[in-house]
*Asks:* 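Below you will find the structure I want to go over with you.
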Protein chains: 2
Amino acid sequence: MATMTAARRRQAGKIAYDAYLADCPSRKLLDRLSDKWVTLILAALADGPRRYNDLSRKIAGVSQKMLTQTLRTLERDGLVNRVVTPTVPVRVDYELTALGGELLPVLRSLKLWADTHIPAVEAARAAYDKRSSRGG
Amino acid sequence: MATMTAARRRQAGKIAYDAYLADCPSRKLLDRLSDKWVTLILAALADGPRRYNDLSRKIAGVSQKMLTQTLRTLERDGLVNRVVTPTVPVRVDYELTALGGELLPVLRSLKLWADTHIPAVEAARAAYDKRSSRGG
DNA sequence: CTGAATCCGTTTAGATACTG
DNA sequence: CAGTATCTAAACGGATTCAG
């Protein structure tokens with residue numbers, strides 16, 4: 001039977017490709033940055049250390065779960081330091097590591113590109129939608 | 001009543017913040033780039049135009065659905081051109097627009113940062129996991 | 001060849017309640 | 001204050017099927 005060829009080939013390709021992707025540094029970086037809250041937290045910490053609740057307020061729409069979870073992965077990746085002061089109640093500050101700080105220029109260059117070109121993207125989008133709605 | 005304060009305040013904040021985010025160009029760019037297939041398609045088109053099936057093979061693990069869907073959004077965003085040649089059967093080529101081409105340097109600089117610093121991230125991750133498994 | 005439409009399992013993220 | 005645990009709704013992505 002020829003029924004499995006297409007899907008199977010794609011499957012085989014997928015496995016090989018996923019392995020390749022898993023080893024791609026750019027991919028990994030994008031995976032971090034793509035997280036909705038990562039860049040926001042990084043930006044919030046750009047000015048200096050902040051406490052947990054402080055972050056939670058500054059970033060507004062974030063839930064406790066997402067904030068904690070994102071901070072954990074950032075800490076694990078060595079981008080953020082978690083500083084515990086064993087007072088009562090306990091006090092926890094988060095701050096950028098040197099590595100985390102080095103990410104800021106990248107974010108800024110990204111922002112620069114976005115600020116420059118996103119208007120063109122918007123325009124393209126509007127034109128596309130107009131064309132579509134006209135039935136073109 | 002004080003029962004609604006926490007969740008409600010977060011909700012109110014969320015609405016305001018989502019509106020803010022929706023207007024943030026950097027956010028929009030990251031939203032595009034965060035798509036698993038976007039950067040891969042962009043990279044695949046860096047050398048020149050490619051046909052649909054050609055892309056599908058080159059990118060391996062991608063499904064028809066995702067390939068088509070991603071190409072559509074890229075087209076809508078003005079990053080990719082869709083060129084139809086009305087032969088039988090029909091032939092469709094995809095190519096980077098000028099705008100899409102301008103994204104390549106950004107991706108390269110991102111890649112540069114990643115290649116430089118991801119090893120440090122890996123190391124931090126390994127150290128973190130080691131600490132955790134020790135019960136620290 | 002190039003897609004659109006549909007079904008469906010997996011993952012994700014938010015709300016809520018509880019702990020030290 | 002700074003989280004953890006659990007439940008559930010929604011988004012995502014893959015396979016399959018149909019069409020021009």
*Asks:* Atom CZ of Arg72(B) and atom C1' of dG13(D): how far apart are they, to the nearest Å?
*Replies:* 18 Å
*Asks:* Salt bridge check: are Asp129(B) and Arg125(B) linked by an N-O gap of less than 4.0 Å?
*Replies:* no
*Asks:* Which comes earlier along DNA chain C counting from the 5' end, the contact point of Asn53(B) or that of Thr68(B), where each point is its nearest nucleotide?
*Replies:* Asn53(B)
*Asks:* Can you tell me how far CD1 of Ile59(A) sits from CG of Leu45(A), rounded to the nearest 0.5 angstrom?
*Replies:*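 Those atoms lie 7.0 Å apart.
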*Asks:* Nearest heavy atom decides the nucleotide; on that basis, is Pro89(A) or Met66(B) closer to the 5' end of DNA chain D?
*Replies:*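 Its nearest nucleotide lies further toward 5', so the answer is Pro89(A).
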*Asks:* Could you state the atom-to-atom distance from CG of Asp35(B) to P of dC12(D) in whole Å?
*Replies:* 9 Å
*Asks:* Between P on dA15(C) and CD on Gln64(A), what's the gap in Å once rounded to a whole number?
*Replies:*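 Spelled out: CD on Gln64(A) to P on dA15(C) is 11 Å.
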*Asks:* To the nearest Å, how far apart are Leu71(A) CG and dG3(D) P?
*Replies:*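 Those two atoms, CG and P, are 8 Å apart.
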*Asks:* Counting heavy atoms from C-beta on, name the nucleotide in dA2(D), dT2(C), dG3(C) closest to the side chain of Arg82(A).
*Replies:* dA2(D)
*Asks:* What's the closest nucleotide to the side chain of Ser63(B) if the choices are dG3(D), dA15(D), dA4(C)?
*Replies:*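 Minimum distance to the Ser63(B) side chain belongs to dA15(D).
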*Asks:* To the nearest Å, how far apart are Trp37(A) CH2 and dT12(C) P?
*Replies:*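 The distance from CH2 of Trp37(A) to P of dT12(C) comes to 17 Å, rounded to the nearest Å.
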*Asks:* Which heavy atom of Pro49(B) sits nearest a heavy atom of Glu95(B), and at what distance?
*Replies:* CG-OE1, 3.8 Å
*Asks:* How close do Arg72(B) and Tyr128(A) get, heavy atom to heavy atom, and via which atoms?
*Replies:*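 Looks like CD-OH, 3.7 Å.
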*Asks:* For dT2(C) and Arg51(B) - does any side-chain N or O of the residue sit under 4.0 Å from the phosphate oxygens OP1/OP2?
*Replies:*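 For dT2(C), OP1 or OP2 has a side-chain N or O of Arg51(B) closer than 4.0 Å.
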*Asks:* Any side-chain heavy-atom pair from Tyr52(B) and Leu67(B) closer than 4.5 angstrom?
*Replies:*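 Touching, per the 4.5 Å side-chain cut-off.
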*Asks:* For Lys36(A) and dG14(C), what is the distance between atoms NZ and C1' respectively, to the nearest whole Å?
*Replies:* 10 Å
*Asks:* Does Tyr94(A) make a side-chain N or O approach to OP1 or OP2 of dC1(D) shorter than 4.0 Å?
*Replies:* no
*Asks:* Which residue, Val92(A) or Lys65(A), contacts DNA chain D at a nucleotide closer to its 5' end, judged by nearest heavy atom?
*Replies:*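 The 5'-side residue here is Val92(A).
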*Asks:* Please report the distance, rounded to the nearest Å, between CG in Leu67(A) and P in dT4(D).
*Replies:*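 The answer, rounded to whole Å, is 11 Å.
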*Asks:* If you measure only the distance, is there a donor-acceptor pair under 3.5 Å linking the side chains of Ser132(B) and Arg76(A)?
*Replies:* no
*Asks:* Looking at Lys58(B) and Asp54(B), is there a salt bridge between them, counting it only when a charged N and a carboxylate O are closer than 4.0 Å?
*Replies:* no
*Asks:* Can you tell me the distance, in whole Å, between the CD atom of Gln69(B) and the P atom of dA4(C)?
*Replies:*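 Whole-Å distance recorded here is 10 Å.
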*Asks:* Taking the axis from the first five pairs and the axis from the last five, what angle separates them in the helix from dC1(C)-dG20(D) to dG20(C)-dC1(D), rounded to 10 degrees?
*Replies:* 40°
